[in-house]
Structures are given as structure tokens and as C-alpha cells.
Amino acid sequence: MDCPVRGCAEFIIAERRNEGGHMNLKDAIEGKEYIIQQINTDDEELDAFLFSLGCYSGEAITVISHLKGGCVVSIKDGRYNIDNQLAEAILI
């Protein structure tokens, strides 16, 4: 998020978290470590794939950078590029 006021992004994210509980990876601040709370997908194969990467509830995840079509995340010792649709499904 581009915001002219220092700390503005953190304030907006805190407000979203207060409104709906969890936020998704698209809202995450780059470089900050979060704990995955939930993954909202109906695709069992995708769930199994994410689990094999170490992406499951209770695991730490860090957004390295936001890209136009998604973001780069760090999970355990790996870095992965995920699209925006999947980033929205991963709640932190």
C-alpha cells in the first residue's frame, strides 16, 4: 500500500484485522513474519501441494516482495512465487 504518512499501512492493516479477524497475504507487510491461521481453498490437490511446501496452519510465513500478479513468500527454507488468488486464500 502506498501511503504518504509513516505507519499508515500498519494502521490500515490493524483496522482490517479488528474488523474481520484475519488478513490475507496480499495485505501483509514485506519482511514481517506472520503465522498462517487458515488456508481457504476447496482444491484438495492444492492443499496437499501447499502442505508439501510447509504452507499450513501454524507455520510461519514472510512476504519477501509484492509483485503485480502475486507475491514472493518465504516458508521454512524456501522461497516461492504465488499468485494473487492464492495469496488471498492464505489467511494470517
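For the atom pair Lys26 NZ and Asn84 CG, the distance stands at 4.0 Å (nearest 0.5 Å). Of the inter-residue distances, the one linking Gln37 atom CD with Ser57 atom OG reads 7.5 Å to the nearest 0.5 angstrom. Atom-to-atom distance recorded for Arg79:CZ and Leu53:CG is 15.0 Å, nearest 0.5 angstrom. The structure places NE2 of His22 at 6.0 Å from CD of Gln38, a figure rounded to the nearest 0.5 Å. To the nearest 0.5 Å, atom CD1 of residue Ile39 and atom CG of residue Asp47 are 6.5 Å apart. Residue Glu88 holds its CD atom at 10.5 Å from CD1 of Ile82, rounded to the nearest 0.5 Å.
A continuous path of ILVMFWY side-chain contacts below 4.5 Å connects Phe49 to Tyr80, so both sit in one hydrophobic cluster. In this structure, Phe51 is not a member of the same hydrophobic cluster as Val73, with clusters built from ILVMFWY side-chain heavy atoms closer than 4.5 Å.
The number of heavy atoms from other shown groups lying within 6.0 Å of CD (Gln85) does not exceed 12. Residue Asp42 places its CG atom among 12 or fewer non-hydrogen atoms of other residues, nucleotides or ligands, all under 6.0 Å distant.
Side-chain atoms of Val72 and Leu67, non-hydrogen and from C-beta on, do get closer than 4.5 Å to each other. Side chains of Met23 and Ile92 form a contact here, defined as non-hydrogen atoms less than 4.5 Å apart. At a threshold of 4.5 Å between non-hydrogen side-chain atoms, the residues Ile36 and Ile90 count as touching. Using a 4.5 Å cut-off on side-chain heavy atoms (C-beta onward), Thr41 and Leu86 make no contact. Between Leu50 and Tyr56, every side-chain heavy-atom pair lies at or beyond the 4.5 Å cut-off.
The two residues Cys55 and Ile75 make their nearest non-hydrogen contact at CB-CD1, 3.7 Å. Heavy atoms only, all atoms of each residue included: Lys76 and Gly54 are closest at CE-CA, 4.0 Å.
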Q: Tell me, with the steps shown, if Val63 and Ile29 meet side-chain contact (heavy atoms from CB on, under 4.5 Å).
A: CA-CA 7 Å; Val63 173; Ile29 298 169; over 6 Å; no
Q: In sequence, state the C-alpha distance, the side-chain angles, and the governing distance for Leu25 and Ile61, and then conclude on side-chain contact (heavy atoms from CB on, under 4.5 Å).
A: CA-CA 9 Å; Leu25 283 183; Ile61 189 169; 3.7 Å; yes
